[in-house]
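Step one of this worksheet: look at the structure below.
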Amino acid sequence: MGAALRQARAAGRSGEVPVGAVVVAGGRIIGRGANRPVGARDPTAHAEVNALRRAARRVGNYRLGGATLYVTLEPCLMCLGAMVHARIDRLVYGARDPKIGATGLFSRARAARLNHRIEVTSDVRSAECAALLRTFFRARRPPRESLAHRARS
């Protein structure tokens, strides 16, 4: 998760929402990804997708069976779908995403019809992952007092 956090910090420094991901196989990182939808002008350029793309190129196959994907924020439905197609064995994520996090949709019972199931571990270094996101968004939002003052003006 430390390597994923480093990717998230890099994304934040470049103005992207600070989410980072790494794909690990055989005890080695085979793909790294930082969030880049804004800079790449690509709605699919999530950290997980970027890490999966790099891992697939590195191993020469879009199937990444035996691999674990670590990500700082609970994945959305698109990213989980990409993990299923890549045959990722295990997902480990940090902070929960109550708005678009989709791991609940992929619980073992609900995913019974899928051709591949992913073992999910949540809340790994979640406080650190959530703090990174909170800090990023606080720096971009005006303080509440400023909003109230503007409304009265």
Side-chain angles (χ1 to χ4, degrees), residues 1-108 110-111 114 116-144:
M1 188 60 77
L5 278 160
R6 285 190 289 282
Q7 292 294 308
R9 288 184 194 102
R13 284 191 300 274
S14 67
E16 301 279 356
V17 174
V19 178
V22 295
V23 178
V24 175
R28 294 180 29 213
I29 295 174
I30 61 169
R32 298 173 195 270
N35 231 21
R36 288 213 7 92
V38 176
R41 295 185 181 107
D42 177 357
T44 68
H46 290 194
E48 301 94 322
V49 171
N50 291 331
L52 289 168
R53 286 176 177 154
R54 288 185 177 102
R57 279 194 298 269
R58 182 165 187 185
V59 301
N61 193 337
Y62 75 100
R63 297 272 171 99
L64 301 169
T68 298
L69 189 143
Y70 294 83
V71 63
T72 57
L73 182 64
E74 180 181 7
C76 70
L77 189 56
M78 174 189 71
C79 293
L80 281 165
M83 288 178 227
V84 168
H85 285 291
R87 305 297 194 268
I88 291 291
D89 280 2
R90 185 169 176 235
L91 163 67
V92 178
Y93 72 87
R96 293 179 187 259
D97 186 342
K99 291 184 180 180
I100 63 168
T103 57
L105 297 174
F106 273 72
S107 68
R108 291 213 183 261
R110 291 183 179 154
L114 294 175
H116 179 73
R117 287 169 199 77
I118 301 169
E119 178 187 336
V120 177
T121 303
S122 61
D123 302 316
V124 174
R125 295 176 72 172
S126 61
E128 191 175 353
C129 294
L132 188 60
L133 289 158
R134 250 189 325 277
T135 300
F136 175 83
F137 286 114
R138 279 187 186 142
R140 278 151 183 78
R141 292 184 180 136
R144 291 188 188 269

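Heads up: numbering here begins at 1 and tracks the sequence.
With rounding to the nearest 0.5 angstrom, the OG1 atom of Thr72 is 12.0 Å from the OH atom of Tyr93. Between the CZ atom of Arg36 and the CZ atom of Arg41 there is a distance of 10.0 Å, given to the nearest 0.5 Å. Within the model, atoms CG of Leu91 and CG of Leu69 stand 6.5 Å from one another, a figure rounded to the nearest 0.5 Å. The structure places CD of Glu119 at 12.5 Å from CD1 of Ile88, a figure rounded to the nearest 0.5 Å. We find the CG-CD distance between Leu80 and Glu74 to be 8.0 Å, quoted to the nearest 0.5 Å. In this structure, NE2 on His46 lies 8.5 Å from CG on Asp42, to the nearest 0.5 angstrom.
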| Could you walk me through whether Asp89 and Met83 pass the side-chain contact (heavy atoms from CB on, under 4.5 Å) check? | CA-CA 9 Å; Asp89 280 2; Met83 288 178 227; over 6 Å; no

* Test Arg96 against Ser126 for side-chain hydrogen bond (donor to acceptor under 3.5 Å, both in side chains), laying out the working first. => CA-CA 8 Å; Arg96 293 179 187 259; Ser126 61; over 6 Å; no

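The number of heavy atoms from other shown groups lying within 6.0 Å of CZ (Arg125) is above 12.
The nearest pair of heavy atoms linking Arg90 to Thr121 is NH2-OG1, 3.3 Å. For the pair Ala21 and Ala51, the tightest heavy-atom approach, listed with the atom from each and the gap, is O-CB, 3.9 Å. For the residue pair Asn35 and Ala47, the shortest heavy atom distance occurs at OD1-N, 3.2 Å. Between Ala11 and Val17, the shortest heavy-atom contact is CB-O, 3.8 Å. For the residue pair Pro18 and Leu133, the shortest heavy atom distance occurs at O-CD2, 3.8 Å. Counting all heavy atoms, side chain and backbone alike, Gly20 lies closest to Gln7 at CA-CB, 3.7 Å.
The shortest side-chain heavy-atom distance between Glu48 and Val22 does not fall under the 4.5 Å cut-off. Counting only heavy atoms from C-beta outward, the side chains of Cys129 and Leu5 approach each other to under 4.5 Å. Using a 4.5 Å heavy-atom threshold, the side chains of Arg28 and Arg58 count as touching. For the pair Ile29/Arg54, no side-chain contact is recorded, criterion being any heavy-atom separation below 4.5 Å from C-beta on. Side-chain contact between Val59 and Leu64 is present, with at least one heavy-atom pair separated by less than 4.5 Å.
Using a cut-off of 4.0 Å between Lys/Arg side-chain N and Asp/Glu carboxylate O, Arg9 and Glu128 are scored as salt-bridged.
Between the side chain of Asn50 and the backbone N or O of Gly33 there is no donor-acceptor pair closer than 3.5 Å.
Within the cation-pi definition used here (under 6.0 Å to the ring centroid, within 45° of the axis), Arg140 qualifies as a partner of Phe136.
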